[in-house]
Amino acid sequence: MPEQIAFATDGDDRVAILHAGIATIEIATPTHAKNIDEIEGARPAPTSGHAPRLALEVEDTDRAVAQTTADGVELLAPPTKTPFRSLNARVQGPAGWQVTFFQELETLQQRQLRAGFKTDDLRDR
């Protein structure tokens, strides 16, 4: 699976986003997950059982949040613009899973011109 550029800071903040057909798979260190929690303003997922985190790309984050919270789903973090140029919000999913809705605010071509966006093999370690 080819790796897509992704935003990370330094040290143990590592992430790889892999293309899997029309989906992507994000593999992140605990440091990166903690940084995302802080950026999104969401509490960390419970560490017991290591529940996976699911992120779904949506056309409209605000609408996705409105629809799910209207159905009684708990909002963990409201829509927030991130430094990696997406609009993210997080809700509580089933079985301890946390689900992030994200809406891309610029293309990959635009992102590759920004500082911090590269594939993991090009990061200083």
Reported CD-to-OG1 distance for the pair E57 and T100, which is rounded to 0.5 angstrom:
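Result: 13.0 Å between the selected atoms.
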When rounded to the nearest 0.5 angstrom, what is the spacing between CZ in R85 and CG in L105?
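Going from the CZ atom of R85 to the CG atom of L105 covers 6.0 Å.
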Does any pair with a residue in residues 62-81 pass side-chain hydrogen bond (donor to acceptor under 3.5 Å, both in side chains), and if so which ones, sequence neighbours excluded?
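Residue pairs passing side-chain hydrogen bond (donor to acceptor under 3.5 Å, both in side chains), neighbours aside: R43-E74.
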Side chain to side chain, [X] and [Y], heavy atoms closer than 4.5 Å:
{"X": "F101", "Y": "L54", "answer": "no"}
{"X": "V65", "Y": "P79", "answer": "yes"}
{"X": "R114", "Y": "E106", "answer": "yes"}

Step by step, work out the side-chain contact (heavy atoms from CB on, under 4.5 Å) result for Q98 and V91.
CA-CA 6 Å; Q98 292 186 357; V91 298; over 6 Å; no
Check the surroundings of atom CD in E59: do more than 12 heavy atoms from other residues, nucleotides or ligands lie under 6.0 Å from it?
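No, CD of E59 has 12 or fewer neighbouring heavy atoms, counting only those of other groups under 6.0 Å.
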In terms of hydrophobic clustering (I, L, V, M, F, W, Y; side-chain heavy atoms under 4.5 Å; direct or indirect links), are [X] and [Y] co-clustered?
{"X": "W97", "Y": "L75", "value": "yes"}
{"X": "F102", "Y": "I39", "value": "no"}
{"X": "L76", "Y": "V58", "value": "no"}
{"X": "I5", "Y": "I17", "value": "no"}
{"X": "L108", "Y": "V15", "value": "no"}

[X] to [Y] - nearest heavy-atom pair and separation:
{"X": "T29", "Y": "D13", "answer": "OG1-CA, 4.0 Å"}
{"X": "V73", "Y": "Q92", "answer": "CG1-O, 3.4 Å"}
{"X": "P83", "Y": "F7", "answer": "CG-CE2, 4.4 Å"}

Mark yes or no for whether [X], through its side chain, and [Y], through its backbone, hold a donor-acceptor pair below 3.5 Å.
{"X": "R123", "Y": "K118", "result": "yes"}
{"X": "T61", "Y": "L87", "result": "yes"}
{"X": "Q103", "Y": "S86", "result": "no"}

Who clusters with L122? Use side-chain heavy atoms, under 4.5 angstrom, across I, L, V, M, F, W and Y, and order the result by chain and number.
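None; L122 is a cluster of one.
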Closer than 4.0 angstrom, basic N to acidic O: yes or no for D37 and R90?
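Here D37 pairs with R90 in a salt bridge, since their nearest N and O are under 4.0 Å apart.
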Check the pair N35 / T9 against side-chain contact (heavy atoms from CB on, under 4.5 Å), numbers first and verdict last.
CA-CA 9 Å; N35 288 342; T9 56; 3.8 Å; yes
